[in-house]
Amino acid sequence: MNVSPANTVGVMTPSRAPAASAPVASIVLITYNHAAYIRRSIEGMLEQKASFPFELIIGEDCSPDNTREIVFEYQRAQPKIIRVITSDKNVGLVENLRRCEQACRGEYICYCGGDDYWTAPDNLERKVGFLQAHPDYAMVHSAFRMFYVESGKLVPQPLRLPEDLNDADAFNEILSGRRHVWPLTACIRRSVLEPILRECPECYDQRFLMEDTQRWLEIARRGKIKYFPEVMATRQVLRESATQSKNPDRVLRFAISNKAVYDHYIDKYGCSSEAKKGAKTRCAFFLLSSACEAGNVQVAKAALDER
């Protein structure tokens, strides 16, 4: 049942019912407890100057703050663009993402977290336009800036990727660490993504604490990936989030999961020796530093052996 713009109670189930003007692109905005940031995130989407219709799918996961009230406020104001998907109980990040992806109707899918936001009003136009003009490409991503909310520090471009990236070899580049993809910068061809989500259980595997790396690696096996070096979005680093924590045990769990994902894909598809060495080294250093911080001697020793 679709939730009406005026209804803030109940369950909204994913639907691809035809609209008067079918969207060319779908933006998936996952949010939980983001009342302080969600308005800026949504406004960044609504400010897009696109020559085609697009939709904004907001997955609101029963936030304890007033995030739900805010997103329904925007849905009431922009019912032709915004659809809120929620439920009567918290379903967690993975399931929230699943139901939003299933609800997308656009030919191209973009992502953003409720605490991040887009800064370039032509973000959607440029990325979708590139994919429309280059059918051999499966995904586009771009540079971003990073803002540390607690300290107020702004890092204009935290990741400077090499200029000689090989778009046809993005799988090895992601493994080796030459190429990094952040969800808030990605635009994907839905015809490539949908079979992956159906056929690759890793994408929704609850064992893995990240949900994006699996998608990028699977996509890179199926098409070229383009990188735009221009900064087009802002990632806000909070004290606590899905990928950031002051709790050393939580960080260690994430490091263990990170290594498990990379090991899985090295075994699943194989890779170049350079990519394997890069992945193993990066994962081992992350695991070692996290284990030392958490005081876990056993994991630290294992990480040293791996390195």
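Keep in mind it's a predicted model, so treat the numbers as computed, not measured. Computation of the quantities below employed the complete heavy-atom set of this structure, encompassing side-chain atoms and omitting hydrogens, waters and symmetry-equivalent molecules.
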Full working for salt bridge (charged side-chain N to carboxylate O under 4.0 Å, His left out) between D263 and K259 = CA-CA 6 Å; D263 285 346; K259 180 179 183 301; 2.6 Å; yes

Assess whether side-chain contact (heavy atoms from CB on, under 4.5 Å) is satisfied between W118 and M45, documenting all intermediate values.
-> CA-CA 7 Å; W118 292 357; M45 314 301 175; 3.7 Å; yes

Can you list the steps and then say if V251 with F286 is a side-chain contact (heavy atoms from CB on, under 4.5 Å)?
-> CA-CA 10 Å; V251 175; F286 182 24; 4.2 Å; yes

Start with the C-alpha gap between D122 and K49, add the side-chain angles, then the distance that decides, and say whether side-chain contact (heavy atoms from CB on, under 4.5 Å) holds.
-> CA-CA 6 Å; D122 63 346; K49 300 185 183 304; 6.0 Å; no

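With sequence neighbours left out, N90 forms a side-chain hydrogen bond (donor to acceptor under 3.5 Å, both in side chains) with D61. Every residue was checked against the salt bridge (charged side-chain N to carboxylate O under 4.0 Å, His left out) condition with R40, not counting sequence neighbours, and none meets it. With sequence neighbours excluded, the residues satisfying side-chain hydrogen bond (donor to acceptor under 3.5 Å, both in side chains) with K224 are D136. Evaluation of the side-chain hydrogen bond (donor to acceptor under 3.5 Å, both in side chains) rule for N66 yields no partner, not counting sequence neighbours. With sequence neighbours left out, the salt bridge (charged side-chain N to carboxylate O under 4.0 Å, His left out) criterion links D205 to R207. Qualifying salt bridge (charged side-chain N to carboxylate O under 4.0 Å, His left out) partners for K268, counting only residues two or more places apart in sequence or in other chains: E202, E218. Residues passing the salt bridge (charged side-chain N to carboxylate O under 4.0 Å, His left out) test with R179 are D167, E173, sequence neighbours excluded. Not a single side-chain hydrogen bond (donor to acceptor under 3.5 Å, both in side chains) links S176 to another residue, sequence neighbours left out.
What you find for R282 and I174 is that their closest heavy atoms are NH2-O, 3.4 Å. Nearest heavy atom pair, residue Q75 against residue V84, reads OE1-N, 2.7 Å. Nearest heavy-atom pair, T86 versus C62, reported as atom, atom and distance to 0.1 Å: OG1-N, 4.3 Å. K127 approaches T185 most closely through the heavy-atom pair NZ-O, 2.7 Å. Heavy-atom minimum distance, I225 versus A170: CD1-CB, 3.8 Å. Of all the heavy atoms in L131 and A138, the pair that sits closest is CD2-C, 4.1 Å.
Under the salt bridge (charged side-chain N to carboxylate O under 4.0 Å, His left out) test applied with E101, the options R215, R198, R190 reduce to a single match, R215. No option in Y227, W182, F130 other than Y227 meets the ring pair (Phe, Tyr, Trp, His ring centres under 6.0 Å) test with H141.
To the nearest 0.5 Å, atom CD1 of residue I42 and atom CD1 of residue I70 are 8.0 Å apart. In this structure, the separation between SG on C203 and CG on L197 is 5.5 Å, given to the nearest 0.5 Å. The CD1 atom of I266 sits 9.5 Å away from atom CG of L217, with the distance rounded to the nearest 0.5 Å. Note: I109 CD1 to C187 SG = 9.0 Å, rounded to the nearest 0.5 Å. How far CD1 of I188 is from OH of Y137: 16.0 Å, rounded to the nearest 0.5 Å. Between the NZ atom in K280 and the CG atom in L175 there is a gap of 10.5 Å [rounded to 0.5 Å].
Crowding of E274 atom CD: a count of heavy atoms from other residues, nucleotides or ligands under 6.0 Å not exceeding 12.
Between T31 and H34 there is a side-chain heavy-atom pair separated by less than 4.5 Å. Residues L124 and F52 have side chains in contact (heavy-atom distance under 4.5 Å, counting atoms from C-beta outward). Using a 4.5 Å heavy-atom threshold, the side chains of I30 and L93 count as touching. Looking at Y148 and L154, their side chains never come closer than 4.5 Å, going by heavy atoms from C-beta outward. Here the side chains of Y108 and R189 are in contact, with some heavy-atom distance below 4.5 Å. Counting only heavy atoms from C-beta outward, the side chains of R145 and Q236 never approach each other to under 4.5 Å. A heavy-atom distance below 4.5 Å is found between the side chains of M210 and V261. Using a 4.5 Å heavy-atom cutoff, the side chains of L56 and R83 are not in contact.
With hydrogens and angles left out, the side-chain atoms of E211 and Y111 include no donor and acceptor closer than 3.5 Å. When only modelled atom types and interatomic distance are considered, E194 and S191 share no side-chain donor-acceptor pair under 3.5 Å. Using modelled atom types, one finds a donor on one side chain and an acceptor on the other under 3.5 Å when comparing E43 with Y74. Checking N123 against R126 by side-chain atom types alone, no donor-acceptor pair falls below 3.5 Å. Side-chain N/O atoms of E55 and S26 include a donor and acceptor closer than 3.5 Å. Donor-acceptor pairing under 3.5 Å is lacking for the side chains of S63 and R68.
Applying the side-chain hydrogen bond (donor to acceptor under 3.5 Å, both in side chains) test to residues at least two apart or on different chains, none of the pairs has a partner in residues 287-300. The stretch residues 259-282 participates, sequence neighbours left out, in these ring pair (Phe, Tyr, Trp, His ring centres under 6.0 Å) pairs: F171-Y269.
Note on F54: it clusters hydrophobically with V24, by side-chain heavy-atom contacts below 4.5 Å among ILVMFWY residues. Placement of F208 and V91 in two distinct hydrophobic clusters is found when ILVMFWY residues are connected by side-chain heavy-atom separations under 4.5 Å, directly or transitively. In the hydrophobic cluster analysis, where Ile, Leu, Val, Met, Phe, Trp and Tyr join through side-chain heavy atoms closer than 4.5 angstrom, L184 is grouped apart from Y32. Both Y204 and W216 are assigned to one and the same hydrophobic cluster, defined by single-linkage of ILVMFWY side chains at heavy-atom distances under 4.5 Å. Using a 4.5 Å cut-off between side-chain heavy atoms of Ile, Leu, Val, Met, Phe, Trp and Tyr, with links allowed through other members, Y117 and V28 fall into different hydrophobic clusters.
Using a distance-only test at 3.5 Å, with no hydrogens or angles considered, no donor-acceptor pair links the side chain of T234 to the main chain of M146. The closest donor-acceptor contact from the side chain of E125 to the backbone of P121 lies at 3.5 Å or more, if one exists at all. Side-chain atoms of D65 come within 3.5 Å of backbone N or O of A35 as a donor-acceptor pair. At distances below 3.5 Å, not a single donor-acceptor pair connects side-chain atoms of S41 with backbone N or O atoms of D115. Between the side chain of N96 and the main chain of G59, a donor-acceptor pair closer than 3.5 Å is present.
Through direct or indirect side-chain contacts shorter than 4.5 Å among Ile, Leu, Val, Met, Phe, Trp and Tyr, V231 is connected to no other residue. Counting Ile, Leu, Val, Met, Phe, Trp and Tyr side chains that sit under 4.5 Å apart, directly or through other members, I256 shares a hydrophobic cluster with L252, L287, V299.
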